[in-house]
> 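I have a structure here, written as structure tokens, and I will follow up with some questions on it.
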Amino acid sequence: MYLVAAVVLLCLSACTDGVGNETPSTTHTQLWPAYSISADLYGYINKKGEWVIPAQFSSASSFYSSGYAQVEINGHTAFIDEQGKVQNTSTFDSARPFYYGYAVVSLNGQYGIIDTEFNYVIPPIYSYLSDMSKDGLVVYRAASGIYGYLDILGNVLMKNDRPVFYEEANEFIDGYAVVCADKSTSNNHIPTYELIDTRGEVVIPEGRYMYMKNMGRGIIAVVEYSRYAESPYDWYLYSVRQQKTVSSRPYNSFNPFSKDGIAVAGIAEKTGSYSTEWSYGYVDTECQQVINVRYDQANTSTEGYAWVAREDAYTLIDVESGSSVLHLQYVSGSIAESPVCGVHNGLTLVRTRNYYSSETVVSYRWVDVTDDNKTVYSWTVDNNKNRGSMNPYWAPSRNHESESEISEYVLLH
């Protein structure tokens with residue numbers, strides 16, 4: 001994969017109604033993935049820009065909650081510790097970061113789950129597995145193509161002695177999951193969603209809301225049921241614990257709450273028959289505006305900071321005060337700077353390129369936002385050449401509490 005491809009996947013984009021796959025929070029490991037021009041490979045630097053783990057990998061991720069990072073060696077994915085030592089003895093084709101002590105890995109096109117001892121707790125026999133939730137449940141795809149839930153021992157979620165299956169099943173967040181039993185649109189049927197708990201019991205029944213999205217912290221974003229509702233829909237925040245709507249006004253999109261306890265909220269305004277302008281801000285768990293809706297783009301906050309954009313110019317803001325911390329240059333559409341990731345232990349990664357130049361050279365730099373935006377380390381690559389990939393830390397929306405191993409998980413049998 002070209003480096004630019006990896007970067008594009010991580011760049012900011014306008015928020016939509018869909019919830020993407022978020023990465024778990026990192027540890028306090030003071031190491032960051034970086035590229036060595038001389039070695040033409042990736043390794044890890046410290047906050048002084050010094051090499052701690054020599055460049056020897058064709059791809060590299062940040063160090064995540066387990067204290068491990070994923071790297072690629074000879075075409076296979078491995079986990080390394082802070083000394084750069086490979087931890088797994090089994091071979092994986094790919095691997096995701098650890099969530100609550102468990103990581104999804106793939107082998108020969110099938111997925112399984114390993115623990116922090118790098119032993120399989122669920123063998124690689126599934127065509128799809130979600131990441132582990134704090135509730136100890138993962139989504140799996142059955143042979144029939146429908147979805148259910150497994151616990152960390154591979155037991156299937158049952159109700160009335162029968163497996164619980166859905167046409168759409170979302171991951172559990174803080175004890176709840178949004179599911180849809182019938183997504184068909186034939187015979188004037190309108191798909192509606194329901195909310196279940198870790199026992200498979202219905203908390204919010206099907207038909208009450210047309211759409212639901214789990215925001216975390218016991219808050220669900222909902223769209224009222226209507227045969228005449230049109231996109232972009234009016235979304236409200238509903239407290240499961242209080243059993244009431246906590247938002248006094250609708251928004252047209254929400255992203256889940258970050259660890260900072262705020263969420264991206266979007267407002268859409270139709271400017272023509274087929275065009276819509278979006279603006280974004282931030283709200284707290286009571287749906288009170290923390291930062292007014294005024295940005296063209298906004299992303300989930302990390303460590304008290306968030307990347308936002310106006311007219312393609314990106315700014316890192318302090319989400320508590322709304323003040324600018326780092327403003328990236330954008331000059332007449334030629335020299336453009338853009339963020340690659342959120343803030344990871346005080347550093348953020350920025351890229352720079354000239355879109356009107358025939359050269360394909362792109363520059364990257366790790367910036368310390370806690371030290372007067374000092375550049376810690378920088379490098380330049382030619383994106384026409386295969387430089388592997390890098391996956392620096394991005395905003396953790398899904399996980400809201402400690403990333404330690406699950407202390408009280410659900411066992412289904």
Side-chain angles (χ1 to χ4, degrees), residues 1-11 20-27 29-46 51-99 102-120 124 126 128-132 340-341 344 347 349 351 360 362 364 366 377 379-394 396:
M1 178 187 294
Y2 292 103
L3 176 61
V4 67
V7 170
V8 167
L9 290 174
L10 290 163
C11 281
N21 295 323
E22 294 82 18
T23 58
S25 65
T26 60
T27 62
T29 303
Q30 298 290 304
L31 294 174
W32 293 264
Y35 172 75
S36 167
I37 296 175
S38 59
D40 200 16
L41 292 168
Y42 294 90
Y44 292 85
I45 59 171
N46 61 20
W51 288 97
V52 177
I53 300 177
Q56 56 191 294
F57 312 114
S58 54
S59 71
S61 77
S62 286
F63 279 85
Y64 294 102
S65 58
S66 61
Y68 301 116
Q70 302 116 277
V71 298
E72 185 176 326
I73 306 173
N74 298 325
H76 294 286
T77 298
F79 289 90
I80 61 169
D81 61 17
E82 296 177 33
Q83 286 70 49
K85 182 180 178 181
V86 174
Q87 298 298 295
N88 54 293
T89 55
S90 300
T91 298
F92 308 125
D93 293 336
S94 67
R96 301 182 207 152
F98 277 88
Y99 279 91
Y102 299 90
V104 175
V105 298
S106 72
L107 185 63
N108 299 323
Q110 299 293 95
Y111 294 89
I113 291 181
I114 59 172
D115 59 21
T116 52
E117 298 298 319
F118 301 95
N119 297 316
Y120 281 107
Y126 294 97
Y128 170 80
L129 286 175
S130 72
D131 294 307
M132 179 64 69
V340 179
C341 65
H344 164 202
L347 301 192
L349 186 63
R351 72 169 181 171
T360 57
V362 180
Y364 297 86
W366 280 109
Y377 183 83
W379 67 93
T380 300
V381 295
D382 184 345
N383 280 333
N384 273 345
K385 297 181 180 179
N386 187 350
R387 299 301 187 192
S389 63
M390 179 177 60
N391 298 293
Y393 170 68
W394 189 234

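The chain is numbered in sequence order, starting from 1.
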> Where does the angle between the aromatic ring planes of Trp366 and His344 fall among parallel (under 30°), tilted (30 to 60°) and perpendicular (over 60°)?
perpendicular

> Are side-chain heavy atoms of Leu41 and Phe57 found at a separation under 4.5 Å?
no

> Evaluate the side-chain proximity of Ile114 to Phe98: yes if any heavy-atom separation is below 4.5 Å, no if none is.
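Sidechains of Ile114 and Phe98: in contact.
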
> To the nearest 0.5 Å, tell me how far Ser61 OG sits from Glu72 CD.
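One gets 12.0 Å once the value is rounded to the nearest 0.5 Å.
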
> Mind checking whether Trp51 and Tyr377 have parallel, tilted or perpendicular rings, split at 30° and 60°?
perpendicular

> Considering all heavy atoms of both residues, which atom of Ile73 and which atom of Ala78 are nearest to each other, and what is their separation?
CD1-CB, 4.5 Å

> Could you check whether any side-chain N or O of Gln56 sits under 3.5 Å from a backbone N or O of Pro54, counting only pairs where one atom can act as donor and the other as acceptor?
yes

> So Trp32 and Leu349, do their side chains get closer than 4.5 Å, heavy atoms only?
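When only atoms from C-beta onward are counted, Trp32 and Leu349 do not touch, as no gap falls below 4.5 Å.
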
> Please report the closest heavy-atom contact between Ile80 and Gln87, naming both atoms and the distance.
C-CG, 4.3 Å

> Return the minimal non-hydrogen interatomic distance between Asn88 and Thr77, and the atom names on each side.
ND2-O, 3.9 Å

> Okay, side chain of Asp93, backbone of Asn108: is any donor-acceptor separation there less than 3.5 Å?
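At least one qualifying donor-acceptor pair exists.
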
> Please determine whether the number of non-hydrogen atoms from other residues, nucleotides or ligands lying under 6.0 Å from atom CG of Asn74 exceeds 12.
no

> Rounded to the nearest 0.5 Å, what separates atom OH in Tyr64 from atom CD in Gln70?
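One gets 6.0 Å once the value is rounded to the nearest 0.5 Å.
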
> What heavy-atom pair brings Ser130 and Arg96 nearest, and what distance separates the two atoms?
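It is C-NH1, 3.6 Å.
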
> Please check if any side-chain donor atom of Tyr35 sits under 3.5 Å from a side-chain acceptor atom of Asp40, or the reverse.
yes

> Residues in side chain to side chain donor-acceptor pair (under 3.5 Å) with Asn46, at least two apart?
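Testing Asn46 for side chain to side chain donor-acceptor pair (under 3.5 Å), a comparison that skips the adjacent residues, returns Glu50.
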
> If you count the non-hydrogen atoms of other residues, nucleotides and ligands that lie under 6.0 Å from OH in Tyr44, is the total more than 12?
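Correct, the count exceeds 12.
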
> Under the ring pair (Phe, Tyr, Trp, His ring centres under 6.0 Å) test against Phe118, which residue among Tyr102, Tyr68, Phe92 passes?
Tyr68

> Minimum heavy-atom separation for Ala69 to Ser62, with atom names?
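That closest heavy-atom pairing would be CB-O, 3.4 Å.
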
> For a quick test of reading the model, state the closest non-hydrogen atom pair linking Ile113 to Leu129 and the distance between them.
CG1-CD1, 3.9 Å

> Go through the side-chain N and O atoms of Ser66 and Thr116 and say whether any donor and acceptor fall under 3.5 Å apart.
no

> Looking at CG of Leu31 and CG of Leu347, how far apart are the two atoms once the value is rounded to the nearest 0.5 Å?
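It comes to 11.0 Å.
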
> Taking Thr29 for its side chain and Gly67 for its backbone only, find out whether a donor-acceptor pair lies under 3.5 Å.
no

> In Å, rounded to the nearest 0.5 Å, how long is the span from CH2 of Trp379 to OG of Ser38?
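Trp379 CH2 to Ser38 OG: 13.5 Å, rounded to 0.5 Å.
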
